[in-house]
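Everything on this sheet refers to the single structure shown next.
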Amino acid sequence: KGIYLAKYIALGGSAAAIGYLASLPLTSVVTGNMSRYMGRAPQGGAALLVPMLAAAAIFAMVVVSAMIVLRRFDRVSAVEALRAKTGNEAPRPGRVLPLRAGRLFNINVFLGIRDGLQRFRLFGLLTFIFFFAAGITLIPLHFLSTIRSPSFISYMGIGSSDMRVDLRQSEEIEGRFDEVVEHIAADPDVARFAPLVTSLFTIVHETGETERLAIETGDFTVFPLDYLHGRAPRAEDEIALSYLNARDLEKKVGDTITLRREGARAAADRGASAAGRGDAASGDAGAARDLTMRVTGIYQDVTNGGRTAKAVLPPNTENFLASTVSLDLVPGTDITTKMHEYSELFAPARVTDLRGYLSQTLGNTIDGLIVVTAGATAVGIAVAVLITSLFLRMLISKDARRIAIMKSLGFSLRSLRVQYLTTALLLLTIGIGAGTFFSNTIGQRLVSLLWGFMGASQIRFVIDPLQAYVLMPLLLMLAVAATTMVSIRGIKEQSIAATIAE
C-alpha cells in the first residue's frame, strides 16, 4: 500500500503543482476580454492563495481516492493474490442475456453487449468518463444555442418586436425623441409601436435611507415581457422589478416600495393623482413627493447589471437617461430596408432588429462562449480518448486468459476486436444518454444558478437537435471507436499455450 500510495502522491502532487503554475500566465489570456470591458480587480494575496488552495484540494482528492481503493489490500492474503494474478472478474450472477438469446444477432456483437452488461461494475469508470465527456460538451453547447436564439430576448427585460430605435443621453434627446415618435406614429408601414423612457428615480427605504433606481416608463402591454411572478404594471401606482432588484430590496409581488420624485415638474405631474391616493406630499408644487408603488411583477433581466424596473409613471425629465421605441412592421414590409431608412432619418440613434440587438448587446459574451464551447468539446473528447486508451490496454492485459479461451474456441482476432469495440460503444451510448439527461436537467439548473447572479434565474435551454443529438454524439463515437481500434491491437497473433502460460 505504501509503495502504491507514494507513487500516486508523487503523480498527484507534481500534476497539481504544474497545473497551478500553468494557470498563472493563462489567467490573463482567459480574462483579457473581460478586463477590457469591466476593468481589473485589485491584485491581492487572495489572487494567488485561492488557486493554490484549489490545486491542493484536487491533490487531496487524488490521495484520498487512492487510499480508499488501496484499502482492498487489507482483505487479500498473499495466497489469494497469487491465485488471482490474472485479475479476472467473475460474471455477475443471474441470467444476463443467456447465449441462446444471441441467435438472432451477430454473435460477436451480442457477446460484446453481454460482456459489457455482465461486467458493468468493472466498466463503471469508463461509463462515468463518457458521461462526464458528454456533460461538459453538451452544457455549453446548449447554452450557446440558447443565447444565440431570438427567444433569449426574454432574459433581457424587453418584449419581442421587429425593430428597436434606441436614443442615448444627449442635450437634445427629449426633442429628438418626440420627433422619432411622431414619425413612427405616422408611418403606414408600422403596425404597432411602444415608446419607452428610462430615467432615474429615488427609492426611500423603511429606514429613511435613499438610493437611485433606473426605471423604464411607458406602456408594457404592447410588447409584453415574460414574468417570473405576477404581471406587467398597468396603473401609475404599480411597478415591476427585475429579479436582482427584487432580491436586493427583499420584495415580492404585492409588496410596496416608496419612490421620491423631486422638482417642480415632478410634483406638477403627480400632484392631483398623488392626493387622490393619499401619497405623502409636501404642500407646494416645487417640493418632493413620495409615491407608494405596489409590486405587480418580477422579471428576468441581464442588462444594466440586472437591476432595472418598469412602471407606467411619467418619466423623471430631470434625470433622463435613455429612450427606446419598439415597433412591429406591417406584414410584407422588408425589415432591412426599413432599418436603413430609419438609420438615416434618426441618426445617430441605433436602429436594430431582434437579432442585431442581441448581437450588439451580447456579442462579446457570445464570442467568449464560442471559445468556451470549443474548448470544452476538445477537453471532453481528449479525456474520453485518453481514458479509453488506458482502460482498454489494461483490460486486454487483464483478459489474457479469457482471450486465450475464446481463441481456443475458434474466435478470430477480428471477432475478438469486434466484441471489445461493441462493448466500448455500448458503454459510450449509456454514458452519452446519461450525460444528455444530466445536461438537460441538472445542467440547466446549474446554468440558471450561475446566471442568477446576473439577473436570469430560470433559463430554459433552446436545444439544437442536430448539434446536440447527432453531430456531438457522432463525434464522440468516432473518437472512441478509433481509439478502441488502436488500443485493441494488443490482441496479437500468438499461440494459445503461450497466452495461457502468461
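What you see is a predicted model; the values in this text were computed from it and never measured. Basis for what follows: all heavy atoms, side chains included, without hydrogens, waters or symmetry-related copies.
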May I have the list of side-chain donor-acceptor pairs in residues 469-482 shorter than 3.5 Å, sequence neighbours left out?
| from | atom 1 | to | atom 2 | distance (Å) |
| --- | --- | --- | --- | --- |
| Y469 | OH | N440 | ND2 | 3.1 |

Can K338 and D162 be counted as an ion pair, charged N to O under 4.0 angstrom? no
Non-hydrogen side-chain atoms of L225 and K310 separated by less than 4.5 Å: yes
Taking side-chain hydrogen bond (donor to acceptor under 3.5 Å, both in side chains) as the cut-off, I'd like each qualifying pair that reaches into residues 473-488, sequence neighbours left out, listed once. none
State whether the number of non-hydrogen atoms from other residues, nucleotides or ligands found under 6.0 Å of R350 atom CZ is greater than 12. yes
Give the table of side-chain donor-acceptor pairs shorter than 3.5 Å for residues 62-71, with sequence neighbours excluded, one pair per line with atom names and distance.
| from | atom 1 | to | atom 2 | distance (Å) |
| --- | --- | --- | --- | --- |
| S65 | OG | M61 | O | 2.7 |

Please report, to 0.1 Å, the donor-acceptor pairs under 3.5 Å made by any side chain of residues 422-431, with sequence neighbours excluded.
| from | atom 1 | to | atom 2 | distance (Å) |
| --- | --- | --- | --- | --- |
| T422 | OG1 | V418 | O | 2.8 |
| T423 | OG1 | G112 | O | 2.7 |
| T423 | OG1 | Q419 | O | 3.0 |
| T429 | OG1 | L425 | O | 2.8 |

Run the ring-centre check on W451 versus Y155 and record whether the distance is less than 6.0 Å. no
Side chains of H205 and L249: does their closest heavy-atom pair fall under 4.5 Å? yes
Run through I459, V462, L369 and flag the one making a side-chain contact (heavy atoms from CB on, under 4.5 Å) with I147. L369
Any side-chain heavy-atom pair from Q300 and Q458 closer than 4.5 angstrom? yes
Show me the donor-acceptor pairs within less than 3.5 Å that the side chains of residues 8-21 make with the rest of the protein, sequence neighbours left out.
| from | atom 1 | to | atom 2 | distance (Å) |
| --- | --- | --- | --- | --- |
| S14 | OG | A10 | O | 2.9 |
| S14 | OG | L11 | O | 3.0 |
| Y20 | OH | L48 | O | 3.3 |

Any chance the side chains of T296 and Y227 put a donor and an acceptor closer than 3.5 Å? no
What pairs of residues pass the ring-ring contact (aromatic ring centres under 6.0 Å, His included) test when at least one of them lies in residues 48-69, not counting sequence neighbours? none
